[in-house]
Student: 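I am attaching a structure below and will ask some questions about it afterwards.
For reference, positions follow the sequence shown, starting with 1.
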Amino acid sequence: MNLSIKSVLATPENGKHIADFLSEHFWNEHSLSDKGSPEIDWSRASAHINHFLFEGVVYNVLDGDTIIGSIAAAPDAYWWSAEQYIGDGWFYVMPEYRNIKDQTPPSHLLIDAIIEYAKRQDKPLILGIFNLDGVERAKKLFIKKGFHQIGGMYYKD
């Protein structure tokens, strides 16, 4: 296994690679209920990906030349204030790379990169868990990285 982390340049080709990775892996695993995730609206998905590529930062973890994890973040403002924070657009690592023991796990590489980005921007960082599965595992990782919980999300059909 040859893991590396790379900042992604905002190019059409890179946007397509991100879209392919997220739709093939993240979307297939993502669920809000036992019904899975809503269908992809590519105009919205493209706008979301482009927002983070052009207005923030995207990091990929690669195994050789293959994307195995990705995270995006950009400045945002609290709905009640002009004060900004750094918020995430997505955070995903392929399941077979989540339990790596012999080197730094991809999830740690991605979070550490976003923490450093937020420090350079001199803004607080807010990361969310927007999925039915893996909540407890993600919470443990966030706590380990120095975050504290500020709420939760709830879903009703």
Side-chain angles (χ1 to χ4, degrees), residues 1-27 29-30 37 40 44-131 133-153:
M1 198 173 314
N2 182 19
L3 298 184
S4 62
I5 186 164
K6 302 249 193 263
S7 177
V8 179
L9 296 175
T11 67
E13 180 178 293
N14 286 339
K16 180 165 179 4
H17 288 308
I18 294 288
D20 290 345
F21 173 75
L22 293 175
S23 65
E24 182 178 334
H25 300 286
F26 176 88
W27 180 80
E29 188 179 336
H30 187 269
S37 191
I40 297 173
R44 293 182 57 81
S46 295
H48 185 80
I49 292 166
N50 285 338
H51 167 73
F52 289 94
L53 279 171
F54 288 96
E55 304 298 325
V57 66
V58 175
Y59 291 102
N60 287 341
V61 172
L62 307 168
D63 184 358
D65 292 330
T66 304
I67 301 172
I68 58 96
S70 185
I71 194 167
D76 201 351
Y78 303 103
W79 67 266
W80 66 90
S81 171
E83 186 176 322
Q84 290 192 326
Y85 63 92
I86 301 299
D88 66 318
W90 63 82
F91 175 34
Y92 181 80
V93 173
M94 292 172 58
E96 58 269 31
Y97 289 89
R98 293 178 187 164
N99 292 314
I100 292 176
K101 303 288 186 220
D102 60 341
Q103 58 187 300
T104 305
S107 57
H108 291 247
L109 293 171
L110 293 167
I111 287 181
D112 290 346
I114 290 298
I115 289 170
E116 287 305 312
Y117 170 73
K119 283 181 185 175
R120 288 191 308 272
Q121 302 297 312
D122 194 27
K123 294 179 178 23
L125 176 59
I126 300 175
L127 298 179
I129 305 167
F130 193 66
N131 192 11
D133 297 323
V135 174
E136 288 306 314
R137 183 182 181 137
K139 181 178 174 180
K140 286 179 186 176
L141 175 59
F142 290 157
I143 299 299
K144 184 176 185 174
K145 291 295 183 177
F147 291 80
H148 66 271
Q149 190 171 0
I150 57 173
M153 300 183 107

Student: Below 4.5 Å, heavy atoms only, C-beta onward: do Ile71 and Tyr117 meet side chain to side chain?
Tutor: no
Student: If you look at every heavy atom in Ile40 and Ala45, which pair is closest and at what distance?
Tutor: CG2-CB, 4.0 Å
Student: Give me the atom names and distance for the closest heavy-atom approach of Glu55 to Pro75.
Tutor: O-CD, 3.5 Å
Student: To the nearest 0.5 angstrom, please state how far the CG atom of Leu22 sits from the CD1 atom of Ile49.
Tutor: 5.5 Å
Student: Measuring only between side-chain heavy atoms, which start at C-beta, is Tyr97 closer than 4.5 Å to Met1?
Tutor: yes
Student: If we only count heavy atoms from C-beta on, is the Ile67 to Met94 side-chain gap below 4.5 Å?
Tutor: no
Student: How long is the straight-line distance from CG of Leu127 back to NZ of Lys145, given to the nearest 0.5 Å?
Tutor: 12.0 Å
Student: Quick one: CG on Asp76 to NZ on Lys123, what's the gap to the nearest 0.5 Å?
Tutor: 11.0 Å
Student: With under 30° as parallel and over 60° as perpendicular, where do the rings of Phe26 and Tyr92 fit, or are they tilted in between?
Tutor: perpendicular
Student: Applying side-chain contact (heavy atoms from CB on, under 4.5 Å) to His17 and Glu13, what does each step give before you reach the verdict?
Tutor: CA-CA 6 Å; His17 288 308; Glu13 180 178 293; 3.4 Å; yes
Student: Say whether Asn14 and Thr11, considering side chains only, have a donor N or O and an acceptor N or O under 3.5 Å apart.
Tutor: yes
Student: Taking all heavy atoms of Ile5 and all of Leu109, pick out the closest pair and write down the distance.
Tutor: CD1-O, 3.3 Å
Student: Could you measure the distance from the NZ atom of Lys16 to the CD1 atom of Ile18? Nearest 0.5 Å is fine.
Tutor: 12.0 Å
Student: Using a 4.5 Å cut-off on heavy atoms from C-beta on, say whether the side chain of Lys119 contacts that of Leu125.
Tutor: no
Student: Taking the side chain as C-beta and beyond, is there a heavy-atom pair between Val61 and Val93 under 4.5 Å?
Tutor: no
Student: Work out which heavy atom in Ile68 is nearest to a heavy atom in Pro106; give both atom names and the distance.
Tutor: CD1-CG, 3.5 Å
Student: When rounded to the nearest 0.5 angstrom, what distance separates CH2 in Trp90 from CZ in Phe21?
Tutor: 10.5 Å
Student: Rounded at 0.5 Å granularity, tell me how far OG1 in Thr66 sits from CG in Asn60.
Tutor: 11.0 Å
Student: So which atom in Gln84 and which in Pro124 form the shortest heavy-atom distance, rounded to 0.1 Å?
Tutor: O-CD, 3.7 Å
Student: Main chain of Asn2, side chain of Asp63: is a donor-acceptor contact present, judged purely on distance under 3.5 Å?
Tutor: yes
Student: Taking the side chain as everything from C-beta on, heavy atoms only, tell me whether Phe52 gets closer than 4.5 Å to Val8.
Tutor: no
Student: Kindly give the heavy-atom pair with the smallest separation between Ile86 and Ala73, and that separation in Å.
Tutor: CG2-CB, 3.5 Å
